Amino acid sequence: MKHSQKRALPLLRRNLHRSLRIAAMALCLTLVAASFTLLQTTAARAADTPAACQALQQKYPALKGKTLVNAVNPHTPGYEALDPEDPSKYVGFDIDLGEAIAHCLGFKLSYKSVTFAALLTTLEAGQADIVISDIYATKGRAKAADFITYLKVYDGVLVAKGNPKKITGIDMSLCGTTAAENTGYVEVPLIQALAEKCKAAGKPAPQIQLYDNNANCIQAILSGRADTYINDANTVDGAVKAYPAKLSKATAVTLPYSVGIAVPRNKHDFRAAVMAALEAIQKSGMQEKLMAKWNLPKDQMETPKLVLAD
Amino acid sequence: MDLFLKYLSQPYLLTGIVYTIVITFGGLVGGSLMGIVLSAMQLSRFRALAVVARIYAIIFRGTPLILQMVFAYNALPLIGIKLSALEAAVLALTFNEAPFIAEIIRANVLGVDRGQTSAGQALGMRPAAIMRRVVAPQAFRMMVPALGNEAVSALKNSSLASVISVQELTLRSTQLASSTFDFFSIFFASGLMYIVLAGLIALVQILIEVALDLDRPDPRQRLAALMPWIRRELAPAPTAPLATGEAIATEAESAEAEPEPESDPEHLPPLDRAARERTLASAKVVLQIDGLVKSYEGKRVLDGLDLEVRQGEIVALLGPSGSGKSTLLRCINRLEGWDSGRIKVLGRHIGLSGNNVPLSPREIADARAEVGIGMVFQNFNLFGHLTARENIAGPLRWVQHVPAEQAARRADDLLDRVGLSHRADALPRHLSGGQQQRVAIARALASNPQMLLLDEPTSALDPELVAGVLGLIRRLAEEDGLTMLISTHQIGFARDVADRAIFLDGGHIVEDGRADRMLSHPENPRTARFLRVLSEDAPIPA
């Protein structure tokens, strides 16, 4: 008995050592795993699937069970941003819509966060499979990706409280002012086009400061570096809500664009599947419900159409 | 403040640090490995490799890291290499850091005194052994601060990986700011996180510097210096020599104050010349030089020199600066190549194989070790990071593969012989010039060479230290029967000790004869003038 105890002790110690080592290894693995799972955002799954989705899953069986990468620029609260309560999740209308499409076609989405200007290059490089990130479908951008539209564009003009520069939209009131915009935004060329007209009227041309996310553009107005930030009306409303004492929305602007889902140009099957799923979601009234959830006005809804390069 | 603390402890931001560390660490490790290769290419004797490395540096040092990140992420997929964002970031940082680290390595390798490389070669060490045992340890000590800088800059550069969607600290901070509008609290929190990370790097740097500090002989003590609360337990602490100039100066002075082991050579009885001459007449020729020609940049330093030296002969090489004395000695054990002519030493042509094919540096090193020629340099060229004992024992282990214990014993015997056994554990920089040269002589003797080449062994010494070194050389001549070639300006010493004197000028032997006769009654007018000038101790007139 005594003998075996003596022998048991080193054995016990060895076992303890081993289990400590295993525990340490497990801890490391969990840390690694945890940091990876943090990326895999589990956005709120759309409650119910439209009936047409069953048929679509049979028509496009290749997508089923896959995990596709959705590239987003998560700096647009309301559309795509981190959940302030749980920053490991992305939330917003675009996120919900993407999840609904994925659910409809039977695949899963993981998210890749990039700057706005890198959304389409990431898609082109094959580092992402789809882009649903409040990006406007223009003919120029269609050279890099095919677009399926889902919302009309309403821009808001964000200015300092009281609109000291009396800005009234993308018009002559911008002459001599400074606008903050994100690199690659469609508003940039529209504002640049005013330079000629301003000069013809004997006024200085508008200046543009380029940033790479909404937060920086909003900060530019708060710090007095820029006079206005013209972007999606809902984003502008969000900013005013966050800083009611310092910011206000001067006016709304309609742009001749639609918001679109970008998919790779050479994958026609995938494009058709996404478009069919989007149509099913609209038809079932699901998109309207999601728009209401994120406070988007009803008349922003747009029937899906393709925007392709000429 | 509450928000600041909330974000400081938020797991989302803290996990971002993991990515920041992975990118920084990966980039530094990769960059160091590539940097070693690039610096080796630049230092290589093959020009083409150096050119390739230079072009690489121009491209990757000349383009912004942000472009390299985007390239690795978005352009490589076009040629079929699709890396994850994290991999692309590590790759880009590796490629970007490599040329900077290569320059740090190259500068510090070149910063190690070239004389030590010569000394290593003369001892028969192969190029790789010289790099590993002599150059690398000293270069690494010098490059630690620069590498610390590079690590901090890599840490900050890792934030650029945010452009290619790596979820590191900066990207997470900006995203969080966008969704919460708590711009400043978030950036103060992530800024503090970066400062802590950079502080950790600085701490590692200090630990490495202290651990490598040669002036603290006991490794336990090195770390104890950082932890004053345990220093008491290690008492009584020997007073470690401080690296301050003052401390060294006092120490060197006190070392010189003690009597040198050799008495003044001027007062020793002259050699028995007749007996030596008889012996030498029948001794075999151990060094034969025929028509040696060597030019530096078009200037002929050695111009068809012929020379024969017999076993046991002590030859003094005299001549004005630039007369080719050092070059001749360096050619004899192949530290220098030459243009034409032959040198046969101890029966071999060093540097040529049996078929007269030129050998590689590594093969030349082995040939030197086999032939056995010791060399003593004007500037001592002791290995700066090794103690006196290790300077002697190290090469014995590395070249002659003597077991460690035996090598240490041999080193202690030799140090005893040159009167420095009490300084066995001192670093060269804590020894006076005279002491250093005596260690250098002991090192040259360690492998029992048959021939000793001494290149102006006392020229760099203060006048009062010359006697000790000359006395030692004289004793070697008498006791060991070594063949010696000494280039020197010490006419009195040459007259007393050398069997033969040779006067070199313009790459030729101008006069060659019995040392005592030639130095007292030179036949050639140039020799006469040179000796007169030396005895007047005046600068040579232009």
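These numbers come from a predicted model, not from an experiment.
Contact of the B:Gln167 side chain with the A:Ser113 side chain is registered, since non-hydrogen atoms from C-beta on lie closer than 4.5 Å. Using a 4.5 Å cut-off on side-chain heavy atoms (C-beta onward), A:Thr121 and B:Tyr73 make no contact. Proximity of B:Phe181 to A:Pro84: side-chain heavy atoms (C-beta onward) are nowhere separated by under 4.5 Å. Residues A:Asp83 and B:Tyr12 have side chains not in contact (no heavy-atom distance under 4.5 Å, counting atoms from C-beta outward).
Closest non-hydrogen pair, B:Pro77 versus A:Ala125, comes out as CB-O, 3.1 Å. Across all non-hydrogen atoms, the minimal contact from A:Gln127 to B:Asn74 is CG-OD1, 4.3 Å. Listed here is the closest heavy atom pair of A:Leu82 and B:Arg172: CD1-O, 4.5 Å.
Under a cut-off of 6.0 angstrom, the local environment of NZ in B:Lys156 is sparse, with at most 12 non-hydrogen atoms contributed by other residues, nucleotides or ligands. Heavy-atom contacts from other residues, nucleotides or ligands closer than 6.0 Å to CZ of B:Phe188 number 12 or fewer. Counted within 6.0 Å of CZ on B:Phe25, heavy atoms from surrounding residues, nucleotides or ligands total 12 or fewer; the atom is thus considered open.
Contacts of B:Leu76 with chain A are absent, with no heavy-atom separation under 4.5 Å from either backbone or side chain. At a 4.5 Å heavy-atom cutoff, A:Leu222 makes no contact with chain B through either its backbone or its side chain. Using a 4.5 Å cut-off between heavy atoms, B:Leu171 touches chain A through its side chain atoms alone. The parts of A:Thr122 that come within reach of chain B are both its backbone and its side chain, each placing non-hydrogen atoms under 4.5 angstrom from that chain. For B:Phe184, the part lying near chain A is the side chain, with the backbone staying farther off; criterion is any non-hydrogen pair under 4.5 Å. For chain B, the nearby part of A:Gln219 is the side chain; its heavy atoms alone come within less than 4.5 Å.
Taking chain B as the reference chain and counting heavy-atom pairs below 4.5 Å, the highest number among A:Ala239, A:Ala215, A:Ala118 is found for A:Ala215. Put simply, of B:Val163, B:Thr174, B:Leu78, the one with the most heavy-atom pairs under 4.5 Å next to chain A is B:Thr174.
Distance OG/B:Ser178 to CG/A:Asn73: 7.5 Å, rounded to 0.5 Å.
Using a distance-only test at 3.5 Å, with no hydrogens or angles considered, a donor-acceptor pair links the side chain of B:Lys82 to the main chain of A:Gly126.
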